[in-house]
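All remarks here apply to the structure that follows.
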Amino acid sequence: MTAPDPLDRQLLDRFQRDFPLDPRPYARIAERLGCGEAEVLDRLARLTDSGAIGRIGVTLRPNTVGASTLAALDVPPGRLEAVAAAVSAVEEVNHNYQREGSPNLWFVVTAPTRPRLDAALERIAAETGLPVLDLPMEAGYHLDLGFALWDR
């Protein structure tokens, strides 16, 4: 990836929070940055293709809309990549990550309803042949992961 120019930096930095809730959010961002909507879309596509952006989307408090849970599998090390790919392929899984120890593959599952979430966990167990540890949230904590990416 080439070093981001000042407009890329603003795109990456300014819209971690307060993403415009608008039928044309990229046009609103363009207005705030003083450029065109097409330029914003082109830059976001380029930044996504280069890996600088993993995803663009909202984050809602868990279980405010639908159901969610933190889940985990204890995956034999030789199967970790294949199982992680199988877990990621499940529509209801929004991300997974490896951790040391047991269990070693963790993932978050969200669905419109708890029965659909349970069905997703059952599919993962059936496809991987591994029992899924389901850890629904008991108390919420807010961690703000937005932060300045560059000195101002």
Side-chain angles (χ1 to χ4, degrees), residues 1-73 75 80-100 103-124 127-128 132-152:
M1 179 181 146
T2 60
D5 67 19
L7 192 55
D8 286 345
R9 290 179 179 194
Q10 288 186 59
L11 270 172
L12 295 170
D13 213 19
R14 290 178 57 184
F15 300 99
Q16 295 178 58
R17 296 181 196 88
D18 301 322
F19 192 86
L21 296 177
D22 187 281
R24 295 186 58 202
Y26 302 108
R28 301 295 79 79
I29 290 171
E31 288 173 10
R32 291 163 67 181
L33 294 177
C35 63
E37 181 181 19
E39 182 170 2
V40 167
L41 292 169
D42 288 345
R43 285 175 178 268
L44 290 173
R46 181 178 41 76
L47 290 165
T48 300
D49 290 345
S50 72
I53 295 175
R55 76 176 184 95
I56 298 172
V58 299
T59 301
L60 301 174
R61 184 179 331 147
N63 300 313
T64 303
V65 176
S68 66
T69 193
L70 175 65
L73 294 169
V75 183
L80 193 57
E81 280 194 37
V83 170
V87 168
S88 290
V90 174
E91 180 182 352
E92 292 84 356
V93 173
N94 63 26
H95 68 278
N96 70 53
Y97 52 96
Q98 179 184 0
R99 293 185 69 177
E100 291 183 16
N104 56 353
L105 184 67
W106 292 77
F107 49 100
V108 173
V109 183
T110 59
T113 63
R114 183 66 207 199
R116 183 166 164 184
L117 188 151
D118 289 340
L121 296 177
E122 290 169 11
R123 285 195 316 272
I124 290 169
E127 184 160 328
T128 64
V132 176
L133 177 63
D134 177 10
L135 300 167
M137 184 174 78
E138 293 183 0
Y141 300 91
H142 176 74
L143 300 174
D144 184 354
L145 298 177
F147 50 89
L149 299 173
W150 289 274
D151 293 331
R152 295 178 191 248

Got a second to check how far [X]'s [atom1] is from [Y]'s [atom2], nearest 0.5 Å?
{"X": "Leu117", "Y": "Asp134", "atom1": "CG", "atom2": "CG", "result": "6.5 Å"}
{"X": "Leu73", "Y": "Thr128", "atom1": "CG", "atom2": "OG1", "result": "5.0 Å"}
{"X": "Glu37", "Y": "Glu31", "atom1": "CD", "atom2": "CD", "result": "9.0 Å"}
{"X": "Leu70", "Y": "Leu135", "atom1": "CG", "atom2": "CG", "result": "5.5 Å"}
{"X": "Leu105", "Y": "Gln98", "atom1": "CG", "atom2": "CD", "result": "7.5 Å"}

Could you tell me which non-hydrogen atom of [X] sits nearest to which non-hydrogen atom of [Y], and how far apart they are?
{"X": "Thr110", "Y": "Ser68", "answer": "CG2-CB, 3.5 Å"}
{"X": "Ser88", "Y": "Asn96", "answer": "OG-ND2, 2.6 Å"}
{"X": "Pro103", "Y": "Ala72", "answer": "CG-CB, 3.5 Å"}

Are any of the side-chain heavy atoms of [X] and [Y] separated by less than 4.5 Å?
{"X": "Asp5", "Y": "Arg43", "answer": "yes"}
{"X": "Ile124", "Y": "Phe107", "answer": "yes"}
{"X": "Arg46", "Y": "Asp8", "answer": "yes"}
{"X": "Thr69", "Y": "Leu121", "answer": "yes"}
{"X": "Leu149", "Y": "Arg9", "answer": "no"}
{"X": "Glu39", "Y": "Leu33", "answer": "no"}

* Asked: Quick check: does any side chain N or O of Arg17 sit under 3.5 Å from a backbone N or O of Gly146, one acting as donor and the other as acceptor?
  ->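 Yes, because the side chain of Arg17 sits within donor-acceptor range (under 3.5 Å) of the backbone of Gly146.
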
* To do: Look at the rings of Phe19 and Tyr26 and say which category their plane angle falls in: under 30° parallel, 30 to 60° tilted, over 60° perpendicular.
  =>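 Judged by the thresholds at 30° and 60°, the geometry between Phe19 and Tyr26 is perpendicular.
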
* Test salt bridge (Lys or Arg N to Asp or Glu O under 4.0 Å) applied to Arg123 - qualifying residues, sequence neighbours left out ->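 Result, salt bridge (Lys or Arg N to Asp or Glu O under 4.0 Å) vs Arg123: Glu92.
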
